[in-house]
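Everything quoted here is computed from the prediction, not taken from an experiment.
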Amino acid sequence: MSSNGWNNIISESPEDTKEIARNWSQTLVKGSIVILEGDLGAGKTTFIKGLAQGLGNISADSVQSPTFTYMHIYEGGRLPLYHFDLYRLKGADEFLQHGFDEFIEGEGISCIEWPDRIAGLLQPPYWKIVITHVDPSTRRLEIKHYG
């Protein structure tokens, strides 16, 4: 843990990222919100694949980015996983029109890629994960809890 409250972890491969997420998923409880930030291709969906595996009984292969549908629901683990990809979303009003706010802090874990699209709606407590490229195969995962 760094002095600024961020937990910094280095991942050297997609499998490493999934393993980190599998292990970390055990800290999550019903209603947890996980927001993920990073460039396209940084590994946000790869991290969510690991979370799904860590929740149990959810295959990483079944987890796909919901870029064109905004949300996928994965069930079968100890908690449902609500995976949002808001890259194409116009803003918070559109999010609310779809009724997605009902899932936030709901019965499962909400993982939100591109959370800046609904920034005004997100209030602590939540986890923030920032994934950055170190080199073509290495990523830095910065994890911090707010609230």
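Here the shortest heavy-atom pairing between P125 and G147 reads CB-O, 4.1 Å. Across Q64 and H72, no two heavy atoms sit closer than the pair O-ND1, 3.1 Å. In terms of heavy atoms, P124 sits closest to Y146 at CB-O, 3.7 Å. What you find for S11 and D16 is that their closest heavy atoms are CA-OD2, 3.3 Å. Nearest heavy-atom pair across S25 and L51 is CB-CD2, 3.5 Å. Between L81 and C111 the shortest heavy-atom distance is CD1-SG, 3.5 Å.
Side-chain contact between W24 and I129 is present, with heavy atoms from C-beta onward closer than 4.5 Å. In this structure, the side chains of W127 and K144 stay at 4.5 Å or more apart for every pair of heavy atoms. Side-chain contact between E37 and P115 is present, with at least one heavy-atom pair separated by less than 4.5 Å. Contact check for L36 versus I48: side-chain heavy atoms found under the 4.5 Å cut-off. I9 places a side-chain heavy atom less than 4.5 Å from the side chain of I143. Between I104 and I112 there is a side-chain heavy-atom pair separated by less than 4.5 Å. Using a 4.5 Å heavy-atom threshold, the side chains of K18 and T46 count as touching. Residues I109 and L55 form a side-chain contact, since some pair of their non-hydrogen atoms from C-beta on lies under 4.5 Å apart.
No hydrogens or angles considered: a donor-acceptor pair under 3.5 Å links the side chains of E113 and H83. Under 3.5 Å, the side chains of E12 and S137 contain no donor-acceptor pair of N or O atoms.
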(Q) side chain to side chain contact (heavy atoms under 4.5 Å, CB included) for D135 and H133? Distances and angles first, verdict last. (A) CA-CA 5 Å; D135 62 41; H133 291 89; over 6 Å; no
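Here the OH atom belonging to Y82 is positioned 7.0 Å from the OG atom belonging to S110, to the nearest 0.5 angstrom. Taking CZ of R78 as the reference point, atom NZ of K30 lies at 12.5 Å (rounded to 0.5 Å). The OG1 atom of T17 sits 5.5 Å away from the CG atom of L141 when rounded to the nearest 0.5 Å. R139 contributes atom CZ, which lies 10.0 Å from atom NZ of K44 (distance to the nearest 0.5 angstrom). The structure places CG of L122 at 11.0 Å from NZ of K128, a figure rounded to the nearest 0.5 Å. A distance of 14.0 Å separates OH of Y126 from OG of S32, quoted to the nearest 0.5 Å.
The environment of R140 atom CZ is sparse: at most 12 non-hydrogen atoms of other residues, nucleotides or ligands sit within 6.0 angstrom. Within 6.0 Å of CD in Q26 there are more than 12 heavy atoms belonging to other residues, nucleotides or ligands.
Put simply, I131 and I10 are part of two different groups of oily side chains (I, L, V, M, F, W, Y) that touch within less than 4.5 Å, one to the next. There is a path of hydrophobic side-chain contacts, each under 4.5 Å, that joins L40 to F84.
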Counting only pairs under 3.5 Å, give me each side-chain donor-acceptor contact of residues 87-99, with atom names and distances, residues two or more places apart or in other chains.
from : atom 1 : to  : atom 2 : distance (Å)
R88  : NH1    : T67 : O      : 3.4
E94  : OE1    : K90 : N      : 2.8
E94  : OE2    : Y70 : OH     : 2.9

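Judged by distance alone, with hydrogens and angles left aside, the side-chain atoms of D39 form no donor-acceptor pair with the main-chain N or O of A42 at under 3.5 Å.
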